[in-house]
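Below, read A as the first sequence line, B as the second, and so on, with proteins coming before strands; counting in each chain starts at 1. All of these numbers come straight from a predicted model, not from anything done at the bench.
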Amino acid sequence: MAKVLTSRKENYAQWYNDLVLKAGLAENSAVRGCMVIKPYGYAIWEKIQAQLDRMFKETGHENAYFPLFIPKSFFSKEADHVEGFAKECAVVTHYRLKNDEKGGVIVDPDAKLEEELIVRPTSETIIWNTYKNWIQSYRDLPILINQWANVVRWEMRTRLFLRTAEFLWQEGHTAHATRAEAIAETKQMIDVYATFAREHMAMPVIQGHKTENERFAGALDTLSIEAMMQDGKALQSGTSHFLGQNFAKAFDVKFADKTGKLEHVWATSWGVSTRLMGALIMAHSDDNGLVLPPKLAPIEVVIVPIYRNDEQYDTVCEKGEEIRKALLKKGISVKFDKRDTQKPGWKFAEYELKGVPLRLALGMRDIENGTIEVARRDTLTKEVMPMEGIEDVVDKLLVEIQDEIYNKALKFREDNIHYVDTWDEFVDTLENKGGFIMAHWDGTSETEQEIQTKTKASIRCIPFDNPQEEGKCVLTGKPSKERVIFAKAY
RNA sequence: CGGGGUGUAGCACAGUCCGGUUAGUGUACCUGCUUUGGGAGCAGGGGGUCGCAGGUUCGAAUCCUGCCACCCCGACCA
């Protein structure tokens with residue numbers, strides 16, 4: 001087969017880029033750092049969205065929409081928050097263009113805005129400014145809102161899906177009467193993300209707390225799910241923040257409790273983005289292209305007809321159409337690729353590149369024998385099976401594939417988690433093995449930063465339910481009570 | 001913002017050093033015939049302001065000046 005992708009071994013970053021382009025997921029646009037998400041990539045995102053949206057609603061959340069633009073002054077209200085985002089904000093300064101004498105257009109200098117508008121990098125400020133008007137009493141709480149939106153962060157260096165200047169995401173913003181309730185919400189949502197990653201993306205994740213260094217700007221605690229990619233690097237795939245009363249204080253949002261006393265509201269925010277597309281790609285795909293878990297595949301099964309002439313084409317198509325209907329009846333998304341503009345071999349390669357979990361090939365040989373060829377994308381195996389009842393077989397196979405992809409990813413991760421106790425071991429493991437390193441750390445930001453400067457590895461998270469044990473910090477030798485996860489990250 | 005590099009057909013590139021037929025190759029595209037169980041073969045065809053603007057020259061993709069864009073490395077990045 002013609003090689004269209006750089007192999008993972010040869011150059012992992014290039015492989016990723018090739019795959020995104022060749023599988024028709026996204027491409028770079030005319031705007032620096034911004035991507036065009038193509039129909040096939042967007043279809044996967046829609047499946048991600050649909051499932052998450054269901055899960056948010058099941059946990060009591062509602063969708064709403066807030067403005068793209070945020071008055072500049074809002075950003076000065078929460079000191080840590082502006083510190084975290086100021087350097088990467090797009091700013092709108094004018095509201096009109098005019099014709100230039102030379103034939104082009106220029107910004108009309110007379111149309112300068114009194115107060116500049118910031119294109120949202122995240123919506124905490126505009127939302128808390130709004131919540132101020134919505135909350136007076138404990139009876140108005142909790143507020144459980146999610147929004148699906150685009151945000152802009154002017155990143156210096158971008159990569160398709162993993163880091164783009166504009167990206168799509170959802171951001172949940174909740175308001176609560178008590179600290180405990182907000183903390184419970186923060187935890188609940190990181191659990192939702194972990195469940196989604198595991199059950200739908202077939203991607204195992206580790207949940208934990210971020211260290212102070214890695215915490216969201218303005219949060220008291222940040223929880224994350226961390227996944228391991230096939231090159232051993234970590235990808236932060238979702239975060240849930242306990243914001244304490246920081247934003248309530250910044251925007252003066254108070255409520256009267258049952259005794260009539262005024263208190264600041266407790267907040268959380270949580271989000272996942274189109275970065276999940278990058279996670280999905282890097283978690284499962286191989287040198288032949290994308291490998292999609294059936295639950296997120298826009299097409300679960302493709303049927304390819306094989307024929308030599310018009311008469312055979314008609315015969316094969318008739319049978320193929322029957323199979324298509326039988327699969328549809330089972331609720332399976334199926335494409336019957338009847339195009340006679342492409343050859344079977346071309347189609348095989350194409351659907352492999354696009355990660356369609358199952359492929360059925362149907363030719364005259366099968367019609368005579370009452371069989372059909374079933375090919376699995378994840379294992380690249382082919383088997384000739386009886387045509388009768390194929391829809392049940394496919395149904396079962398899709399479940400099996402979903403499980404096996406997960407197990408494969410889980411095994412890979414387990415094989416690449418290393419426990420180390422000395423600095424030499426730490427450096428050696430990071431350089432020669434990669435993956436996640438479980439090591440003791442003295443709990444200080446200084447040590448974390450020094451390790452990052454020396455090795456480029458950062459603390460991904462402090463896992464929940466982490467076993468407590470006596471140990472010594474891998475760098476400073478100071479006492480430590482638990483191991484944390486170090487890794488190089490995207 | 002520092003260092004390096006690249007702009008030539010939809011895409012990938014050669015040609016530039018050393019100026020000189022009608023600017024070329026692969027791929028993709030179109031037409032026809034033969035093919036079709038793993039990205040088919042042959043024949044024919046269409047497609048170019050050579051990044052932009054000046055300059056040198058009888059003559060510029062090629063030399064000179066300026067500008068623009070993009071890429072890589074670094075800095076930056078919850």
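Look at the C1' atom in both C30(B) and A9(B): the space between them is 15 Å, to the nearest Å. For the C1' atoms, the distance linking U16(B) with G24(B) amounts to 14 Å, nearest Å. To the nearest whole angstrom, the two C1' atoms, one in C29(B) and one in C71(B), are 28 Å apart. Between A14(B) and G26(B), the distance separating the two P atoms is 16 Å to the nearest Å. For G41(B) and G3(B), the C1' atoms lie 50 Å apart once the distance is rounded to whole Å. Comparing G51(B) with U31(B), their P atoms sit 32 Å apart, to the nearest whole Å. Between G4(B) and C42(B), the distance separating the two C1' atoms is 46 Å to the nearest Å. U62(B) and G7(B) are spaced 13 Å apart, taking the P atom of each and rounding to whole Å.
Taking 4.0 angstrom as the limit, R365(A) places none of its side-chain polar atoms (N or O) nearer than this to OP1 or OP2 of G37(B). When the side-chain nitrogen and oxygen atoms of K343(A) are compared with OP1 and OP2 of G39(B), none of them lie within a distance under 4.0 Å.
Rounded to a whole Å, the CG atom of N288(A) is 15 Å from the P atom of G38(B). Following rounding to the nearest Å, L21(A) (CG) and C71(B) (P) show an atom-to-atom distance of 13 Å. Between the CG atom of L362(A) and the P atom of U36(B) there is a distance of 17 Å, rounded to whole Å. Note: CH2 (W154(A)) to C1' (C77(B)) measures 15 Å, nearest angstrom. Look at CD on Q14(A): it is 12 Å from P on A12(B), rounded to the nearest Å. When rounded to the nearest whole Å, the span between CG of D337(A) and P of U36(B) equals 19 Å. Atom-to-atom, OH of Y313(A) to P of U35(B) comes out at 19 Å; the value is rounded to the nearest Å. Atom CZ of R159(A) is separated from atom P of C72(B) by 9 Å (rounded to the nearest Å).
No donor-acceptor distance shorter than 3.5 angstrom exists from the side chain of S480(A) to the backbone of C473(A), with no hydrogens or angles considered. With hydrogens and angles ignored, the 3.5 Å screen pairs a side-chain donor or acceptor of T315(A) with a backbone N or O of E311(A).
Residue R308(A) is classed as a base contact, given a heavy-atom separation below 4.0 Å to a base. Counting non-hydrogen atoms under 4.0 angstrom, D366(A) reaches a base of the nucleic acid. Across all strands shown, R359(A) has heavy atoms under 4.0 Å from base atoms, whether or not it also approaches the sugar-phosphate. Nucleic acid contact class of K22(A) (heavy atoms, under 4.0 Å, all strands): none. Residue contacts shown for E350(A) include a base, since a base heavy atom lies under 4.0 Å away.
In this structure, T122(A) and N28(A) both approach RNA chain B, and ranking their closest nucleotides by distance from the 5' end singles out N28(A). Of the two residues contacting RNA chain B, namely A375(A) and A217(A), the nearest-nucleotide position lying further toward the 5' end is that of A375(A).
Under the salt bridge (charged side-chain N to carboxylate O under 4.0 Å, His left out) criterion, the residue pairs touching residues 217-234 of chain A are K210(A)-E226(A), E226(A)-R460(A), with sequence neighbours excluded. Residue pairs meeting the ring pair (Phe, Tyr, Trp, His ring centres under 6.0 Å) criterion with at least one member in residues 149-170 of chain A, sequence neighbours excluded, are F167(A)-W169(A).
Comparing U36(B), G39(B), G74(B) against the side chain of W346(A) picks out G39(B) as the nearest. With U36(B), C77(B), G38(B) as the candidates, the nucleotide lying closest to the side chain of A349(A) is G38(B). Here the nucleotide nearest the side chain of Y307(A), chosen from G38(B), U36(B), G39(B), is U36(B).
Partners of E83(A) by salt bridge (Lys or Arg N to Asp or Glu O under 4.0 Å), not counting sequence neighbours: none found. Residues meeting the salt bridge (Lys or Arg N to Asp or Glu O under 4.0 Å) test with K488(A), sequence neighbours left out: none. For R8(A), the salt bridge (Lys or Arg N to Asp or Glu O under 4.0 Å) partners two or more places apart in sequence, or in a different chain, are D287(A). Under the side-chain hydrogen bond (donor to acceptor under 3.5 Å, both in side chains) criterion, N11(A) pairs with no residue, sequence neighbours left out.
Look at E350(A) and K347(A) and you find no salt bridge, because none of the NZ, NE, NH1 or NH2 atoms lies under 4.0 Å from a carboxylate O.
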Output a table of donor-acceptor pairs, distance under 3.5 Å, between side-chain atoms of residues 356-366 of chain A and any protein atom two or more places apart or on a different chain; print 'none' if there are none.
from    : atom 1 : to      : atom 2 : distance (Å)
D366(A) : OD1    : T371(A) : OG1    : 2.8
D366(A) : OD2    : G363(A) : N      : 2.9

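Cation-pi geometry between K77(A) and F74(A) is met: under 6.0 angstrom from the ring centre, within 45 degrees of the axis.
Within residues 220-238 of chain A, the residues that place at least one heavy atom under 4.0 Å from RNA chain B are, in residue-number order, Q236(A).
Donor-acceptor pairing under 3.5 Å, judged by distance alone, is present between the side chain of E352(A) and the base of G38(B). The base of G37(B) has none of its N or O atoms less than 3.5 Å from a complementary donor or acceptor on the side chain of K347(A).
Aromatic ring pairs are classed by plane angle as parallel below 30°, tilted from 30° to 60° and perpendicular above 60°; the pair Y12(A) and W15(A) is tilted.
Stem list for RNA chain B (at least 3 consecutive Watson-Crick or G-U pairs, distances under 3.5 Å): B:1-7 with B:68-74, B:10-13 with B:24-27, B:29-34 with B:40-45, B:51-55 with B:63-67.
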